[in-house]
Structure formats: structure tokens, C-alpha cells
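Residue numbering restarts at 1 for every chain, and letters A, B, ... go by the order of the sequence lines.
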Amino acid sequence: MPIALYNTLTRKVEPFTPVTPGRVRMYTCGLTVYDYGHIGNFRTFVGVDILQRFLQSQGLALDTVMNITDVDDKMIARSNEAGRPLAEYAATYTAAFLEDMASLRILPAQHIVRATDCIPDMVAWIDRLVAAGCAYERDGSVYFRLSSFPAYGRLSGKDIAGLQAGARVDVDEYEKEEARDFVLWKAARPNEPTWPSPWGPGRPGWHIECSVMAEKLLGPTLDLHCGGTDLVFPHHENEIAQVEPLTGVPFVNCWIHMEFLLVNGEKMSKRLGNFFTVRDLTDKGYRPSAIRYLLASVPYRRQLNFTLEGLDQASASLLRLRNFLDRLRNADLPPSGDPNPAIATAREAMLASLADNLNTAEALGAIFELVRTSNIALDRGTLATADREAILETFRQFDEIFQVLTPDEASSEGISDAEVNALMEERAAARAARDFKKADALRQQLESHGILIEDVKNAPARWRRK
RNA sequence: GGCGCGGUAGCCAAGUGGUAAGGCAGAGGUCUGCAAAACCUCUAUUCGUGAGUUCGAUUCUCACCCGCGCCUCCA
């Protein structure tokens with residue numbers, strides 16, 4: 001199936017064709033681990049995950065890299081405040097980040113690279129940039145010479161001349177040739193961890209880390225480079241400038257940028273303090289799968305205004321899908337030869353929507369339509385075993401990408417299956433004796449533990465965890 | 001100011017030059033001991049506003065209004 005993706009560089013949805021047929025090299029800008037990630041951060045990573053899983057479902061092999069920024073101004077400030085060594089401080093939040101990613105069922109990149117693991121590579125690359133005349137040293141720091149790279153500004157659509165005026169540039173701390181030049185290597189300052197370099201001790205700038213890791217592991221030309229939309233400028237613009245002068249080929253064929261998560265109509269950010277972490281929400285009793293569903297349900301190029309109400313709606317939608325699957329799996333069906341062709345049509349529609357720049361909302365529409373028509377067929381008794389297999393296969397393909405159908409691990413404070421079954425039997429006995437008062441009390445009791453009961457005709461009642 | 005995203009029912013949201021997918025919530029009904037789940041019916045004569053192009057526009061063009069973002073901290 002032909003895949004089309006929106007490319008920030010061309011500002012168009014265009015056919016996606018990897019450089020090497022059947023193989024996709026993609027890089028994602030990860031997190032600066034100075035604190036827990038918030039769900040705005042994770043919206044980007046869920047979006048990337050949907051993209052990755054979809055590409056895989058289309059038979060493409062992936063080579064994936066994500067960086068973790070574990071040294072920068074904020075990291076240093078925070079670790080100093082906490083009175084903990086930078087590496088130790090970073091390790092704490094790196095671990096938390098990976099845990100949160102896993103709880104949201106985001107496939108880890110094959111290479112998760114810490115900035116501090118690649119500093120010699122960065123130094124070497126900066127050295128080459130200096131040698132090529134694209135960078136220069138001043139007082140132990142190294143800057144990129146923007147005037148050496150005329151293509152600068154193409155990705156973000158910026159007019160470099162406009163940047164020159166430099167109204168917002170701090171020129172007090174470092175001596176640059178031009179205000180718009182950006183830093184590649186920062187000279188050592190007091191109370192900062194440092195690494196050796198030809199320009200003296202210091203540390204890398206933020207932008208160079210992604211360039212070097214991406215080029216080293218996936219270069220010279222990547223198929224996809226993903227990140228939040230706020231990274232377009234200057235981060236990704238700088239990445240291009242840092243790489244292309246030395247490789248002479250396009251750094252990235254297709255740039256993918258995920259739109260923001262908003263809260264009350266404003267960007268969710270640590271600076272504004274209006275953020276929720278995954279932990280905040282699970283503490284309120286929300287399930288990671290519902291968070292993932294919400295983040296995935298709005299197409300990635302649309303801003304998504306986050307509300308708890310929206311999360312409730314997502315939970316309810318998800319419950320409908322799971323209820324349907326339970327019902328389908330447990331149904332007594334007549335055998336038949338061929339499945340209803342409408343099921344295959346729904347599957348095609350779901351995949352076609354995703355192939356069209358990851359239109360997840362439309363893909364979900366196709367799935368819910370299949371749910372409704374299948375429920376009707378179940379009611380009428382016209383759904384047969386072959387249909388069930390076809391529907392389950394469609395859902396398998398759907399969930400291979402969306403990853404929301406498997407129930408979350410039950411919380412530890414819940415009651416055990418054995419206890420539930422005992423209460424269920426007690427309730428069944430009460431119902432048989434037409435002691436509905438007792439039966440209802442037992443149902444109430446189970447509900448308080450998050451257990452939902454469904455009475456079934458001519459069969460034992462079913463239950464499941466909410 | 002420059003660049004970008006968006007304004008579709010109470011909420012979330014898809015979509016197309018030919019007459020509005022889907023989900024959530026709500027109302028009534030079927031089923032049930034009662035529920036739950038499911039199904040049925042109802043819930044936008046209308047897609048920010050105005051003008052234009054067209055036989056016909058929510059979909060194209062222009063103008064305007066409103067929200068959000070980026071413009072060297074930022075997913």
C-alpha cells in the first residue's frame with residue numbers, strides 16, 4: 001500500500017519512499033531528562049510509535065535511534081540544586097522516562113543514545129566543521145558560522161536576514177562573529193561537568209548531539225526524522241546545517257513534526273507548569289492504555305486540547321471496543337465457509353486511512369463501524385465462525401498499530417480472581433434462590449472493586465475488570 | 001511583524017465540488033428480576049463571518065474575526 005506522509009521540508013503530503021527499499025532509517029529527538037516527561041512530550045512519542053508500528057505492519061524493516069539529552073544547562077542547574085552528580089541525576093529521570101514509555105506501549109528505539117556517551121564523536125565532528133570553515137573558536141567555545149551555509153532557513157521557512165537583527169539574542173556572554181551564529185561547543189564554566197576538546201575543557205551544545213548521533217548510526221541520509229513541532233526551529237534547522245556541509249547529501253528526506261498537546265488552550269509545558277505526567281494520571285486512576293488511546297486518536301498534525309473529560313471519553317470508547325471483543329470471543333456462532341466481505345473492506349479502510357498521513361481518527365471510524373455492524377449481526381445471529389476469525393484478524397492488525405486493546409495490568413490493591421469467582425458463585429446461588437437483594441449487594445460489592453458483571457442467558461454470568 | 005496549525009453538534013473529531021464518518025455524553029424504546037453489555041429511534045437544513053467563482057461550496061478564491069504555536073530553553 002503506498003504510504004503518504006506530510007514532510008515539513010516541502011510542506012506537502014508526499015509519497016514516502018525509503019532510500020533503501022524495504023528499510024527505513026529514522027531518528028527521533030528524545031527527552032531532556034531533567035524531570036519526568038509530561039504527556040505532551042509523550043504525545044510526540046506515541047505519534048512516532050504509531051508511525052513506526054504502521055511502517056512495520058507494511059512490511060518495512062526499521063532502523064531506529066532516539067537520543068536522550070543528559071547534559072545541558074537545565075540538567076546542570078537541576079542536578080546542582082539537588083546536590084547530586086549530573087550522571088546520577090540523569091540516570092534517575094532516564095529510567096523514569098523509559099518506564100513511562102513502556103507503560104504507554106511505545107516501542108523503544110533500537111539505539112537509545114545518551115549525549116554523554118557520544119562526546120568524542122561530537123568533538124571530532126565539530127573539529128571537522130572548523131576545518132571546513134563552517135565553525136570557529138572563540139574563548140574556548142566553538143560556533144557555527146551561519147554565513148557558510150546558504151540553505152539555512154529552508155526547513156523552517158525563516159528568512160536568515162531577519163534573524164540577523166538579533167533583537168532577542170544574548171551577545172553578552174559569548175563573543176560570536178554574528179549574533180545569529182549558534183554554539184557547538186561551550187567552554188567550561190565553574191561548577192559544570194566538562195569534557196576535553198581541542199579548544200579546552202567544555203561541553204557540547206544541544207543541537208550537535210542529534211546531528212552526530214543520527215549521522216553516525218543512520219547517515220548520511222535518513223528517511224525520517226521526527227520530533228515535536230517546536231523543534232523545527234532552531235533545533236532541526238541547525239541539525240541540517242551541522243551535517244550537510246560535511247556529507248554533501250541531504251541529511252533527511254522527510255521531516256515529521258508532531259503538533260502540541262494543549263491545556264486550557266495553551267501549550268502544555270514545564271515552563272507554564274500546566275502539565276500532567278503519566279504518573280499524575282495513573283494516580284488518579286486513569287489507565288495508560290486510555291492515555292495512549294487519547295493521544296493517538298487525534299491525528300498528529302492537529303493540536304490536541306487535553307482535558308480529564310477527554311480522557312474519560314477515551315476510556316469509554318476503549319471500553320466499547322473491549323466489550324465488543326469479549327462478546328465476539330464468547331459468542332456461540334454457526335459455522336460457515338466465507339467471511340462477510342464487509343469485514344475485509346473495513347480492514348482495508350482502516351489501513352488506507354493510516355497510509356494517508358496517519359489519519360488515526362478516520363482509522364478508528366472504520367473500526368467502530370465494524371463494531372456496530374458486527375454487533376448487529378451478533379444480535380441477529382447472522383455472524384458466523386469465519387466472520388469471527390476475519391474480525392479478530394482485523395482487530396489484531398488494528399492493535400498491532402494502536403496497542404490499546406490489551407487491558408492494563410490490574411492494580412495490585414485489587415482483589416484476586418479467586419476472590420471474585422467465589423463472590424460470583426455466591427451471587428449465582430442467591431439469584432437461583434431469587435434472593436435478589438443479596439445478589440445485588442454482592443454485585444455492588446464487586447463493583448466497588450472495579451469488577452463489572454454481565455448476566456448471560458443460559459450461561460454463567462461473566463465478569464471483567466474495569 | 002514573519003512563518004505555521006486550527007475554528008464542523010453539549011464534548012472529541014473525520015471528510016468531500018454534489019448535498020455532513022465515527023466516538024463520548026443525553027432522551028425514549030427492546031432485552032433483563034433489576035442491572036450491565038448490545039441493538040433500535042432521536043440529537044448539525046448545517047460546517048467561524050462576509051463576499052466571490054460555480055448549475056451547485058463545509059470543501060476552491062479573497063477579505064475579515066477568533067484560538068494556538070514557533071521566531072535561537074522547549075516534544
Test side-chain contact (heavy atoms from CB on, under 4.5 Å) applied to A/I3 and A/F54, step by step: CA-CA 10 Å; A/I3 300 167; A/F54 176 66; 3.9 Å; yes

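Rounded to whole Å, atom P of B/C3 lies 17 Å from atom CZ of A/R301. Computed from coordinates, the A/M258 CE to B/C70 P distance equals 18 Å when rounded to whole Å. Taking atom CG of A/D181 as the reference point, atom P of B/U72 lies 15 Å away to the nearest angstrom. Between the P atom of B/G23 and the CG atom of A/L405 lies a distance of 16 Å, rounded to the nearest Å. As rounded to whole Å, 10 Å separates atom P of B/A75 from atom NE2 of A/H236. In this structure, the CD atom of A/E266 is 10 Å from the P atom of B/C70, given to the nearest Å. What separates CG of A/L261 from C1' of B/C5 is a distance of 15 Å, to the nearest Å. What separates CG of A/L364 from P of B/C24 is a distance of 11 Å, to the nearest Å.
Residues A/E209 and A/N67 have side chains that bring a donor and an acceptor to within less than 3.5 angstrom of each other. Defined by atom type and a distance below 3.5 Å, a donor-acceptor pair is missing between the side-chain atoms of A/Q445 and A/H449. For the 3.5 Å distance criterion, the side chains of A/T32 and A/R78 fail to qualify, holding no donor opposite an acceptor. Donor-acceptor pairing under 3.5 Å is recorded for the side chains of A/D181 and A/Y136.
Under the Watson-Crick or G-U wobble criterion, with both distances below 3.5 Å, B/G67 is paired with B/C5. B/U53 is unpaired under the Watson-Crick or G-U wobble criterion, no partner having all donor-acceptor distances under 3.5 Å. Shown here, B/U72 forms no base pair; nothing in the strands shown gives a Watson-Crick or G-U wobble contact with both key distances under 3.5 Å. Base-pair partner of B/U32: not found among the strands shown (Watson-Crick or G-U wobble, both distances under 3.5 Å). B/U43 is unpaired under the criterion used here, namely a Watson-Crick or G-U wobble arrangement in which both key atom distances are under 3.5 Å. Remark: B/A14 base-pairs with no nucleotide in the shown strands. Criterion, Watson-Crick or G-U wobble with two distances under 3.5 Å. Under the Watson-Crick or G-U wobble criterion, with both distances below 3.5 Å, B/A21 has no partner in any strand shown.
A 6.0 Å sphere centred on CZ of A/R396 holds more than 12 heavy atoms belonging to other residues, nucleotides or ligands.
The pair A/R427-A/D435 does not meet the salt-bridge criterion, since no charged nitrogen lies less than 4.0 angstrom from a carboxylate oxygen.
Using a 4.0 Å heavy-atom criterion, one finds that A/E369 contacts the sugar-phosphate atoms exclusively. A/L231 comes within 4.0 angstrom of sugar-phosphate atoms only, judged by non-hydrogen atoms across all strands, and of no base.
Rounding to the nearest 0.5 Å places CZ of A/F324 at 4.5 Å from CD1 of A/I391. Interatomic distance, CD of A/E177 versus CZ of A/R138, reported as 5.0 Å (0.5 Å rounding).
Here A/T8 does not reach the OP1 or OP2 of B/G4: none of its side-chain N or O atoms lies under 4.0 Å away.
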Under 4.0 Å protein heavy-atom contacts per nucleotide of nucleotides 11-16 of chain B, with B for base, S for backbone only and - for none: BSSSS-

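For A/R105, the salt bridge (Lys or Arg N to Asp or Glu O under 4.0 Å) partners two or more places apart in sequence, or in a different chain, are A/D408. Remark: A/E369 engages no residue in a salt bridge (Lys or Arg N to Asp or Glu O under 4.0 Å) (not counting sequence neighbours).
For A/R301 and A/Y6, the positive end sits near the middle of the six-membered ring, less than 6.0 Å away and at most 45° from its axis.
Taking the P atoms as reference points, B/A35 lies 22 Å from B/U41, given to the whole Å. Only the P atoms considered, B/U54 is 44 Å distant from B/C24, to the nearest whole Å.
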Between protein and nucleic acid, restricted to nucleotides 31-33 of chain B and to nitrogen or oxygen atoms under 3.5 Å apart, what atom pairs and distances do you find?
{"from": "B/G33", "atom 1": "N7", "to": "A/R431", "atom 2": "NH2", "distance (Å)": "3.4"}
{"from": "B/G33", "atom 1": "O6", "to": "A/R431", "atom 2": "NE", "distance (Å)": "3.1"}
{"from": "B/G33", "atom 1": "N1", "to": "A/D440", "atom 2": "OD1", "distance (Å)": "3.0"}
{"from": "B/G33", "atom 1": "N2", "to": "A/D440", "atom 2": "OD1", "distance (Å)": "3.4"}
{"from": "B/G33", "atom 1": "N2", "to": "A/D440", "atom 2": "OD2", "distance (Å)": "2.6"}

Could you list all N or O pairs between the protein and nucleotides 38-42 of chain B that sit under 3.5 Å apart?
{"from": "B/A38", "atom 1": "O3'", "to": "A/N375", "atom 2": "ND2", "distance (Å)": "3.0"}
{"from": "B/A38", "atom 1": "O2'", "to": "A/R327", "atom 2": "NH1", "distance (Å)": "2.9"}
{"from": "B/A38", "atom 1": "O2'", "to": "A/D379", "atom 2": "OD1", "distance (Å)": "3.4"}
{"from": "B/A38", "atom 1": "O2'", "to": "A/D379", "atom 2": "OD2", "distance (Å)": "3.3"}
{"from": "B/C39", "atom 1": "OP1", "to": "A/R320", "atom 2": "NH2", "distance (Å)": "3.3"}
{"from": "B/C39", "atom 1": "OP1", "to": "A/N375", "atom 2": "ND2", "distance (Å)": "3.3"}
{"from": "B/C39", "atom 1": "OP2", "to": "A/R320", "atom 2": "NH1", "distance (Å)": "3.2"}
{"from": "B/C39", "atom 1": "O4'", "to": "A/D379", "atom 2": "OD2", "distance (Å)": "2.7"}

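Between the side chain of A/K158 and the base of B/C71 there is no donor-acceptor pair of N/O atoms closer than 3.5 Å.
Out of B/C24, B/C73, B/U72, the shortest distance to the side chain of A/F182 is found at B/U72. Taking only side-chain atoms of A/R180, from C-beta outward, the nucleotide of B/U72, B/C5, B/A75 with the closest atom is B/U72. Of the listed nucleotides (B/A37, B/C70, B/C3), B/A37 has the atom at the smallest distance from the side chain of A/R464. Of all nucleotides listed (B/C70, B/U72, B/C5), B/C70 comes nearest to the side chain of A/K267.
Here the options are A/R380, A/R320, A/R327, the test is side-chain hydrogen bond (donor to acceptor under 3.5 Å, both in side chains), and the partner is A/N375; only A/R327 passes.
Applying the salt bridge (Lys or Arg N to Asp or Glu O under 4.0 Å) definition to pairs two or more places apart or across chains, those involving residues 44-54 of chain A are A/D49-A/R53, A/D49-A/R292.
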